[in-house]
Every structure is written in C-alpha cells, then in structure tokens.
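Worksheet for the structure shown next.
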Protein chains: 2
Amino acid sequence: MSLHLSLIYPLIRKLESIFNLSPEEYDALASLPLVARTIRGDQDIARDHDRPSQCCILLDGLLYRYKLLGEGKRQIFSFHIAGDIPDLQSLHLQVMDHNIGTVVQSSVAFVPHGTMNRLIDEHPRIRNALWRDTLIDAAIFREWMAGLGRRDAYGRIAHFLCELFVRYSAVGLSNGHKIELPITQEKLGDALGLSTVHINRTLQTLRADGLIRWDRGHLNITDWNGLKRAATFDDTYLHLI
Amino acid sequence: MSLHLSLIYPLIRKLESIFNLSPEEYDALASLPLVARTIRGDQDIARDHDRPSQCCILLDGLLYRYKLLGEGKRQIFSFHIAGDIPDLQSLHLQVMDHNIGTVVQSSVAFVPHGTMNRLIDEHPRIRNALWRDTLIDAAIFREWMAGLGRRDAYGRIAHFLCELFVRYSAVGLSNGHKIELPITQEKLGDALGLSTVHINRTLQTLRADGLIRWDRGHLNITDWNGLKRAATFDDTYLHLI
DNA sequence: CGTCAGTTTGACCTAGTTCAAGGCCAGTGG
DNA sequence: CCACTGGCCTTGAACTAGGTCAAACTGACG
C-alpha cells in the first residue's frame with residue numbers, strides 16, 4: 001500500500017463497509033490530492049461562525065465537536081476517529097454553528113469544497129454514502145439526547161463507552177475489549193452533561209462493579225455484557241451494515 | 001392555486017427560501033403524485049425498527065419524533081410542521097431508530113422511495129436542498145443537546161419556545177408573536193428532559209415574568225426580547241437564509 | 001352530569017452540583 | 001538524579017435543582 005493510500009484508507013474502509021467500491025470510485029478516492037497536516041492536541045480546527053471553504057478528513061487522532069455557552073459552560077456533541085469528515089456539513093451550510101477541535105495530536109487533510117463537490121458529482125454512490133454518514137451522525141445525536149434527557153449518570157457513561165467501543169471496532173481500532181480513549185474526565189462531563197466530580201465518582205462505581213478499567217487513556221471493558229446491560233445498549237442507531 | 005399545488009406548497013416555499021426553483025424543478029414538485037391522508041392525533045406513523053419503503057411529507061398538522069427507553073421513559077427529539085419530511089433519512093438508512101407520531105390530527109402524503117429517488121436524481125438542486133435540510137435537522141439536535149446538558153429548566157424552556165417561534169415564522173405560520181402550539185406539558189417535559197411537575201412550575205415563572213402567555217395550545221410571546229435573553233437565543237444554528 | 005385528559009399544588013426526597021483541598025504522576029530544568 | 005511544576009484525578013462536606021408521589025382542580029365533551 002502506497003504512503004498516500006494509507007492516508008485515505010480509513011475513509012475507504014468506511015465506504016467499503018456500505019458497498020463495494022468500483023475501480024473508478026476507488027481511483028477517485030485514491031487520487032484525492034491530500035496534504036496531511038499534523039495538529040497538536042487541544043487546538044481548534046474550525047470555530048463557531050466561521051465560513052469554511054474546505055472539509056477536513058481525519059487521518060489519524062481524535063477530534064471533538066463542541067459549543068460554548070455562557071459562564072464557562074460547554075457541551076460536547078461528538079468524538080471523531082480516523083476516516084471521519086466531521087465538517088462535511090459545511091458543503092451545504094455556509095456558517096459553522098459549533099467548534100471542532102483536536103483532543104490529542106492528530107493528522108488531518110483539508111480538501112477544498114470544490115474538490116469534494118467534483119468527487120461526489122462524478123460518483124453518486126460516494127455522494128450517497130457521505131449523505132448517509134451525515135444521517136448516522138444525526139442518529140448518534142438523537143441517542144445522546146436520549147441519554148442527556150432520560151438516563152442517569154451510571155447508564156449514561158456506560159452507554160457512551162459502549163458506543164465508542166462499537167464505533168472503534170467497526171473501523172478496526174479496538175484490540176479485544178480495549179480501546180485508546182485519551183479523554184479527560186472533564187471532557188467526558190461536558191459530553192454527558194455532568195460535573196467532573198460526579199463523573200469521577202460514577203466511574204469509580206463502574207470500576208468497582210467490574211465493568212471497566214480505564215487508566216491513562218487506555219479503556220479496558222472487563223465485562224462487555226454487563227456494560228451493555230447497564231447501558232441498555234442497542235446498536236441499531238449506529239446503522240452498521 | 002390548484003388544490004394539489006396548495007398541498008405541496010409548504011415544501012415548495014421551504015425550497016424557494018434557499019434558491020429560486022426553475023420551471024422544470026417547480027413542475028417536478030407540482031406533479032408529484034400526492035395522496036393526502038388525514039391521521040388523527042396521537043398515532044404513530046413510523047415505528048422504531050420499521051423498514052419504511054416511503055417518505056412522509058407533512059402537509060398540515062404537527063408531528064413529533066421520539067424514542068422509548070425502559071420504565072416508561074421517553075425522549076422527544078423534534079416537532080415538525082407543514083413542509084417537513086421527518087423521515088427523509090429512510091432514503092439512506094434502512095431501519096428506523098425512533099418513532100414518528102402525530103401530536104394532533106394531521107394531513108400527510110406518503111411518497112415511495114422510488115419516486116423520491118427519481119425526483120432527486122433528475123433535480124440535483126432539490127437533492128442538495130433536501131440534504132441540507134437533514135443537516136439543519138442535525139444542527140437543531142445539537143442545540144437541543146446543549147440545552148439538555150447545560151441549560152437550567154428556565155433557560156431550556158425559553159430556548160425551546162424561541163426556536164419554535166422562529167421556525168413557525170420562517171414558514172409563515174406565526175401571527176405577530178403568537179403561534180399555535182398544541183403540545184401538552186407532559187410532551188414538553190419529554191422533549192426537554194424534565195418532569196411534568198417541574199415544567200408546570202417553570203412555565204408559571206415564565207408567565208409571572210411576563211415573557212409568555214400559553215393557553216389551550218395558543219402560545220403568545222408577550223416579551224420577545226426578554227424571552228430571547230432568558231434563553232441566550234442565537235438563531236445561527238437554524239441556518240435561515 | 002359524569003368522565004377524562006390535562007393542569008396545578010403541596011410535601012418530601014435524592015441525584016447530582018459546588019467549593020475547596022489533597023494526591024498522583026509525567027515532564028522539565030538544574 | 002532530584003526537586004518543582006502543572007495537569008489531572010480523587011475526596012469530603014454542604015447544598016440545591018429538579019424528581020416523585022399523591023391529591024385536587026379545570027374545562028371540554030358526550
């Protein structure tokens with residue numbers, strides 16, 4: 001596999017999970033002019049009210065999307081892993097309504113909207129797959145809403161961990177029941193609408209119940225069935241094929 | 001305006017707010033074979049885990065989308081008004097991951113996926129506008145997540161009312177600062193992650209503060225600026241043109 | 001006039017917040 | 001090689017926003 005192909009590979013793998021790419025589609029993706037840029041952790045890639053002229057394809061690392069409310073309050077909406085295009089929406093929505101940032105050092109490629117539009121105009125199945133991807137994004141938001149509105153802290157955290165494990169697994173980023181999840185308890189709180197203190201105490205309960213181990217960014221799910229049960233996790237909403 | 005045209009008109013108006021429809025596009029929409037069906041209140045139109053073969057265009061009335069969790073818990077994600085296609089996502093996602101129901105008696109048209117696909121294949125600008133619409137849907141979800149996670153009951157309700165007023169206005173369904181909003185306090189609670197009791201008490205405070213009047217489904221915003229302030233409402237996320 | 005769905009009230013309770021102080025590395029610089 | 005720093009995690013104690021339960025009220029409608 002060429003160096004360049006390895007960059008775009010996570011995205012190709014994602015599309016191939018939906019349908020078999022034709023040689024032409026494969027070539028179109030493989031010949032996207034990608035310039036990988038490394039960005040260190042805790043940097044914003046796009047900001048609320050920006051008017052982006054390009055999309056960012058995540059090649060490696062971890063991104064997150066969030067909005068700042070008044071008084072230092074923050075809501076995190078999603079975390080993104082290799083192969084994701086977290087600001088694909090900017091193709092159709094002029095103005096950013098939230099921020100996108102790196103959680104840890106990450107490698108991304110910026111693709112101009114013009115290039116993206118040419119790609120999807122010439123390859124309708126790729127376009128449909130990307131549309132589909134934005135719809136799954138929305139499905140994940142709905143599930144988080146259900147958690148924020150109606151699940152207690154214990155179930156909410158358990159559900160979050162189930163989701164991330166399944167999404168990592170779907171793109172080959174899990175190792176047994178372990179994944180790399182280098183997010184702080186503060187970020188977890190801002191994602192789940194809870195205070196850091198309560199996140200901390202609830203994680204201790206999850207550990208004491210033997211469901212997980214989580215140390216320095218290494219999450220180990222020690223009782224997958226137990227965690228799913230605690231979360232009442234049903235993966236339909238992830239629309240895996 | 002013919003009887004049939006009046007049915008599809010809300011959708012046409014929504015598309016025209018984004019770009020000027022060409023005569024061909026206009027004709028394609030106007031000649032969609034629509035059969036209006038009236039459905040009484042509190043009925044499900046689509047259910048979790050269904051595999052729909054058609055989309056539903058709301059012609060008149062009020063729909064909502066929701067998910068049931070265990071123990072009688074429910075999370076409502078959205079309310080939909082005339083011109084919306086709440087299950088457009090079923091074009092690309094086989095399986096429903098939530099329910100769609102009527103709030104009050106409503107008139108809807110079911111359009112087979114095949115017809116929809118022909119329409120958008122032949123009219124790329126309509127396709128893009130519909131894609132865009134699903135992205136705005138997601139933007140609204142994000143804003144609700146921010147409310148569920150990080151706003152208190154007072155601000156959350158105020159924000160909800162601001163959003164609905166602006167969305168009604170955008171399609172000509174407001175009358176001064178009044179809109180028809182026939183939703184129960186129970187549904188409001190399930191949308192905002194609050195108990196009915198607390199919704200009731202907080203609505204009383206909003207009324208006492210002179211921000212709204214809300215009686216038998218008629219919402220009257222008596223202090224629009226005050227309500228926006230209470231909500232820290234910024235309509236960027238609705239992506240109105 | 002009775003019923004039923006929806007709203008309102010009161011009293012009590014608890015999940016989660018807030019504030020403030022320690023503890024534990026991993027990295028840095030001397 | 002050790003001391004120092006700065007993130008991050010952990011703990012305790014006091015507090016509160018919002019939940020729960022149960023009962024009463026209101027108005028629309030048959």
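Naming convention: chains lettered A, B, ... in sequence-line order (proteins, then strands); numbering from 1 in each chain. Keep in mind that the numbers below use all heavy atoms, side chains included, and drop hydrogens, waters and symmetry copies.
Near DNA chain C, meaning a heavy atom under 4.0 Å away, the residues from residues 187-198 of chain A are A/Gly193, A/Leu194, A/Ser195, A/Val197, A/His198.
Shown here is A/Gln43, whose CD atom has more than 12 heavy atoms of other residues, nucleotides or ligands within 6.0 Å. For A/Glu186, the CD atom counts as loosely surrounded, since its 6.0 Å shell holds 12 or fewer non-hydrogen atoms of other residues, nucleotides or ligands.
No side-chain donor-acceptor contact under 3.5 Å links B/Asp235 to the backbone of B/Leu238. Proximity of a side-chain donor or acceptor of B/Asn175 to a complementary backbone N or O of B/Lys178 within less than 3.5 Å is not detected.
Distance B/Glu71 CD to D/dC21 C1': 17 Å, rounded to the nearest Å. When rounded to the nearest whole Å, the span between CG of A/Asp152 and P of D/dT20 equals 11 Å.
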Would you mind writing out the side-chain donor-acceptor pairs for residues 204-212 of chain B within the sub-3.5 Å range, not counting sequence neighbours?
from	atom 1	to	atom 2	distance (Å)
B/Gln204	NE2	B/Asn200	OD1	2.5
B/Thr205	OG1	B/Arg201	O	3.1
B/Asp209	OD2	B/Tyr154	OH	2.4

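A donor-acceptor contact under 3.5 Å is not formed by the side chain of B/Arg201 with the base of D/dG19.
Because its NZ or CZ atom is not both nearer than 6.0 Å to the ring centre of A/Phe77 and within 45° of the ring axis, A/Lys67 does not count as a cation-pi partner of that residue.
Separation of the B/Phe165 and B/His177 ring centroids falls under the 6.0 Å cut-off. With ring centers used as reference points, A/Trp144 lies under 6.0 Å from A/Phe160.
Counting 5' to 3', DNA chain C first comes under 4.0 angstrom of a heavy atom of chain B and last does so at the ends given by C/dG6 to C/dA11.
Within 4.0 Å of A/Arg150, counting heavy atoms only, lies no atom of the nucleic acid at all. Within the 4.0 angstrom heavy-atom criterion, no nucleotide atom of any strand lies near B/Arg151.
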